Amino acid sequence: NAGVTQTPKFQVLKTGQSMTLQCAQDMNHNSMYWYRQDPGMGLRLIYYSASEGTTDKGEVPNGYNVSRLNKREFSLRLESAAPSQTSVYFCASSIRDSSYEQYFGPGTRLTVT
Amino acid sequence: QQQVKQSPQSLIVQKGGIPIINCAYENTAFDYFPWYQQFPGKGPALLIAIRPDVSEKKEGRFTISFNKSAKQFSLHIMDSQPGDSATYFCAASPGGGTSYGKLTFGQGTILTVHP
């Protein structure tokens, strides 16, 4: 039982490049989330998926897109990376909505130069 | 708009001390208040959570105190240990129901416990 897995662990991009961050969970959870963590800012919600087949914007969605591929997988895409997107990205899942425990992945450290 | 304000940003205590981390919220629709603990290089993990029908919840050495009228809640760590050194985040969410509740995090507190 791996919990929440994320790939890659580290990534360096040049401004304007695109990439997709992958996330998968094996806990049969309905809801999945993408956060970014920046020093002094806590964790900010980028997008979430309340259930398979639905996605919705969080607090900081600009510059990102998501796909809930199936119940297990939720990917985050940066179409044209910018230095302001340098951050640590965390995927999380919960059995139902945000009033239940969220389980976090190990994170992806992204640097955009 | 920062709906959950956390203080202090950093905290240093000696082993055995009782660090206290405070959070204040604005949204009266919040009714689920978790604390997450994060070690360097790891994702956050749920430490303890409270709902507003109680004023205090204790799990081991960790206690949440909740003041609904003041819209404040705090984390106390009894008999702190060097292994408690981590970043702590408070958070808040509306409950379930017809509208989907999203978790809002505080800014985080870096706790260092010296041996």
Side-chain angles (χ1 to χ4, degrees), chain A residues 2-7 9-10 21 23-25 27 29-61 68 87-109, chain B residues 1-10 21-27 29-53 57 59 64 86-110:
Chain A
V4 179
T5 56
Q6 291 182 237
T7 56
K9 285 186 165 42
F10 301 94
L21 280 64
C23 173
Q25 53 90 9
M27 296 173 284
H29 285 172
N30 289 304
S31 296
M32 297 186 74
Y33 314 85
W34 276 105
Y35 293 91
R36 61 178 288 173
Q37 182 175 16
D38 303 291
M41 304 285 287
L43 291 106
R44 293 181 292 169
L45 183 65
I46 305 172
Y47 270 93
Y48 66 98
S49 171
S51 60
E52 184 179 358
T54 71
T55 61
D56 210 341
K57 295 177 181 179
E59 182 185 352
V60 289
R68 184 75 182 265
S87 188
V88 181
Y89 291 85
F90 287 100
C91 177
S93 69
S94 63
I95 190 165
R96 286 165 63 179
D97 60 41
S98 290
S99 65
Y100 292 81
E101 178 175 1
Q102 292 190 13
Y103 293 80
F104 284 79
T108 294
R109 185 172 293 275
Chain B
Q1 181 184 0
Q2 185 65 45
Q3 295 191 51
V4 180
K5 294 184 178 179
Q6 182 172 346
S7 63
Q9 285 190 333
S10 63
I21 305 171
N22 300 298
C23 285
Y25 63 97
E26 300 165 5
N27 188 344
F30 288 154
D31 70 353
Y32 171 68
F33 302 90
W35 285 88
Y36 280 80
Q37 180 188 53
Q38 183 182 30
F39 293 105
K42 305 289 187 186
L46 181 67
L47 184 64
I48 185 173
I50 196 169
R51 296 185 191 268
D53 51 342
K57 182 174 182 180
E59 288 186 2
I64 299 179
T87 300
Y88 292 82
F89 293 98
C90 63
S93 169
T98 55
S99 63
Y100 190 86
K102 292 173 282 189
L103 206 56
T104 300
F105 284 86
Q107 299 94 323
T109 297
I110 301 172

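Since the structure is predicted, the reported quantities are computational estimates derived from the model, not experimental observations. In what follows, chains carry the letters A, B, and so on, assigned in the order in which the sequence lines appear, proteins first and then strands, with residues in each chain numbered from 1.
Atom CD of A:E101 sits about 10.5 Å away from atom CG of B:L47, to the nearest 0.5 Å. Here the straight-line distance linking atom CZ of A:F104 with atom CG of B:L46 works out to 9.5 Å at 0.5 Å rounding.
Residues B:Y36 and A:Q102 come closest through the heavy atom pair OH-N, 2.9 Å. Nearest heavy-atom pair across B:Q38 and A:F90 is NE2-CZ, 3.3 Å.
Looking at B:F33, there are no atoms closer than 4.5 Å to chain A (heavy atoms on both sides), in backbone or side chain. If you measure heavy-atom distances from A:Y35 to chain B, the contacts under 4.5 Å come from the side chain alone. With a 4.5 angstrom heavy-atom cutoff, A:L45 touches chain B only via side-chain atoms. Proximity to chain A (any heavy atom under 4.5 Å) is shown, for B:P34, by neither the backbone nor the side chain.
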**Asked** Given the rule in the side-chain contact (heavy atoms from CB on, under 4.5 Å) test, do B:F105 and A:Q37 qualify, once you have shown the distances and angles that lead to the verdict?
**Response** CA-CA 10 Å; B:F105 284 86; A:Q37 182 175 16; over 6 Å; no
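By the salt bridge (charged side-chain N to carboxylate O under 4.0 Å, His left out) test, B:K57 pairs with B:E59, sequence neighbours left out. By the salt bridge (charged side-chain N to carboxylate O under 4.0 Å, His left out) test, A:R109 is found to be paired with no residue, residues two or more places apart in sequence or in another chain being considered.
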